[in-house]
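Just below is one structure, and these are the notes that go with it.
Atoms within each ligand, like the ligands themselves, are counted from 1 in listed order.
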Amino acid sequence: MNKLRLGVLGLGEGRSIISAALNSELWELACICDLNEALCKERAAEFRLDRWTMRMDEMLADPSIDAIGIYTPDPLHATHVRQCLDAGKHVICTKPLIDNLRDARSLLDAQKKANKHVFVGQSSRFFASMIRQRADYEEGKHGDLFSVEAEYNADNRWFLQKSWARAGGLKWLYGGLSHPVDLVRWYFPDITEVMGYGMLTENGRALGLQHDDSMHFILRTTDGKIARVSGCYSAPPQPHMRDSHMTCVLRGEKGASQADYYDLRYSTHFKGEGCVQYDMEHQAPYYFRFGGRGHHAGEYQNYIEYFARCVAEGPPCTPKPDLAEGIVTVAVMTAMERSLETKQPVTVKSVLEENQLSSLLGA
Ligand SMILES: NC(=O)c1ccc[n+]([C@@H]2O[C@H](COP(=O)([O-])OP(=O)(O)OC[C@H]3O[C@@H](n4cnc5c(N)ncnc54)[C@H](O)[C@@H]3O)[C@@H](O)[C@H]2O)c1
């Protein structure tokens, strides 16, 4: 299997994919790029790299680079995905893929023309406990699922140190809830209607945040299954011994499971098996490589290797979530945003139709 060559755009959280590529047998790190020269030098020194640039064009013009990993501020993702596709590169774009649907149609056209993969880096799908939960689901251990509850709570006030976040570029509905919404759509792709309430807390307002930082939603599928998504971002969360900052609970006719981010816990109660708690903490050094638990190198290594295996296999293998699936997830979040404004249930279909995206129903 030929190694794929990677360029990395944006070197804040981009640090995690640098580590992932350097530790992978399936990838070669070709070049890193950031507008911030000091950060380029810092990353080059940290990982002993001899190639970095402040010009994205330079990476795009290099025919030896197969794929670009995009880790720039949320509002720039649409432009950067477009530029990479126009240059004939595969794209790995961090979440949120985009934070509105304005450019969705043109991105689909650009991808069709380029005939390259666009993979959305929904890191939580690639975390140890979520992987194990998915395997149990695919084995049928839960029976028919009727409920998915996913949440991501964290004291993310530190994020407001970033100028783009303070300037209104950060919407927690997209930047934070894209994790639990994606987990819900992984199990229930056909979310049809959403309803929720949210608020901007005084803690968030004091830091200049302009959008809601605390939100609870309920969602339902075409055939009446139910889901719940929550996120609170401007206050200390509950202790991780009692809950986990990122959690996904599946309930089915044959039992339930809970995958937790902190402490790498996974718990199940399946018919005939009793209650079991799995401790995967021994995997922590693979997942958390830079101190603290705020980086995602292990998840990124899992997803870039999955991406590389799909590329090697060729069609019809497509790394998921792909562009179409990612855009529908953004449509679900857009419907959620509208529900916050109108305090009414909103259908995903209406949002897709308004944005000339009806062809994506079912993606
Ligand atoms: N779990 C996850 O997958 C996860 C975790 C954290 C962050 N993220 C995502 O990663 C993205 C970046 O977040 P961050 O915390 O690193 O932000 P950041 O502001 O620390 O880093 C973004 C970097 O992009 C650079 N940049 C901006 N425009 C550029 C351009 N045109 N060319 C080259 N470099 C450019 C900036 O100089 C900056 O260094 C966000 O979309 C965020 O949501 C994902």
Is it true that the side chains of Thr222 and Asp190 contain a donor and an acceptor less than 3.5 Å apart? yes
Does Phe159 have Lys162 sitting over its ring (NZ/CZ under 6.0 Å from centre, angle to axis within 45°)? yes
Please write down residue, atom name and distance for the protein heavy atom closest to atom 19 (O) of ligand 1. Trp164 NE1, 2.8 Å
Just need the protein heavy atom nearest to atom 27 (C) of ligand 1, so name the residue and atom and give the distance. Pro73 CD, 3.6 Å
Check whether any heavy atom of Lys95 sits under 4.0 Å from an atom of ligand 1. yes
To which protein heavy atom is atom 10 (O) of ligand 1 closest, and what is the distance rounded to 0.1 Å? Thr94 CG2, 3.5 Å
What atoms of ligand 1 come closer than 4.0 angstrom to any heavy atom of Phe159? 15 (O)
Within the 4.0 Å heavy-atom cut-off, what Glu13 brings close to ligand 1 is both
Per-residue contact class, Leu35 against ligand 1 - non-hydrogen pairs under 4.0 Å: both
Tell me, which protein residue and heavy-atom name are nearest atom 15 (O) of ligand 1, and how many Å apart are they? Lys162 NZ, 3.1 Å
Under 4.0 Å from ligand 1, counting heavy atoms only, is it the side chain of His80, its backbone, both or neither? side chain
Are Thr247 and Glu151 linked by a side-chain donor-acceptor pair shorter than 3.5 Å? no
Once you restrict to heavy atoms under 4.0 Å, what part of Met54 touches ligand 1? Side chain, backbone, both or neither. neither
In this structure, is the centre-to-centre distance between the rings of Tyr261 and His245 below 6.0 Å? no
On the ring face of Tyr278, is Arg132 found with NZ or CZ under 6.0 Å from the centre and within 45° of the axis? yes
Looking only at the side chains, is there a donor atom on one of Arg157 and Ser234 sitting less than 3.5 Å from an acceptor on the other? no
Nearest protein heavy atom with distance in Å, relative to atom 26 (N) of ligand 1: Thr72 CG2, 3.9 Å
Distance under 6.0 Å and angle within 45° of ring axis: Arg134 vs Tyr187: yes
Can you list the ligand 1 atoms lying under 4.0 Å from a non-hydrogen atom of Ser123? 1 (N), 2 (C), 3 (O)
Under a 4.0 Å heavy-atom limit, does His179 contact ligand 1 with its side chain, its backbone, both, or neither? side chain
Check: Asn203/Thr201 side-chain N/O donor and acceptor closer than 3.5 Å: no
Ring-plane angle category for Phe126 and Tyr306, please: parallel below 30°, perpendicular beyond 60°, tilted otherwise. tilted
Sub-4.0 Å atoms of ligand 1 with respect to non-hydrogen atoms of Leu39: 39 (O)
Geometric cation-pi criterion Arg289 and Tyr287, 6.0 Å radius, 45° cone: no
Need the ligand 1 atom indices (1-based, order shown) with element for anything under 4.0 Å from a heavy-atom of His77. 41 (O)
Check each atom of ligand 1 against the heavy atoms of Leu9 and keep those under 4.0 Å away; list them by number with element. 32 (N), 33 (C)
Identity of the nearest option to atom 12 (C) of ligand 1, non-hydrogen atoms only, from Tyr152, Phe126, Tyr71, Tyr174: Tyr71
Ring center gap for Phe127 and Tyr303 short of 6.0 angstrom: no
Check whether the ring centres of His142 and Phe270 lie less than 6.0 Å apart, and answer yes or no. yes
Tell me, which protein residue and heavy-atom name are nearest atom 3 (O) of ligand 1, and how many Å apart are they? Tyr300 OH, 2.9 Å
Can you report which non-hydrogen protein atom sits closest to atom 23 (C) of ligand 1, along with the distance? Asp34 OD2, 3.5 Å
For atom 42 (C) of ligand 1, what's the nearest protein heavy atom and its distance? Asp74 OD1, 3.7 Å
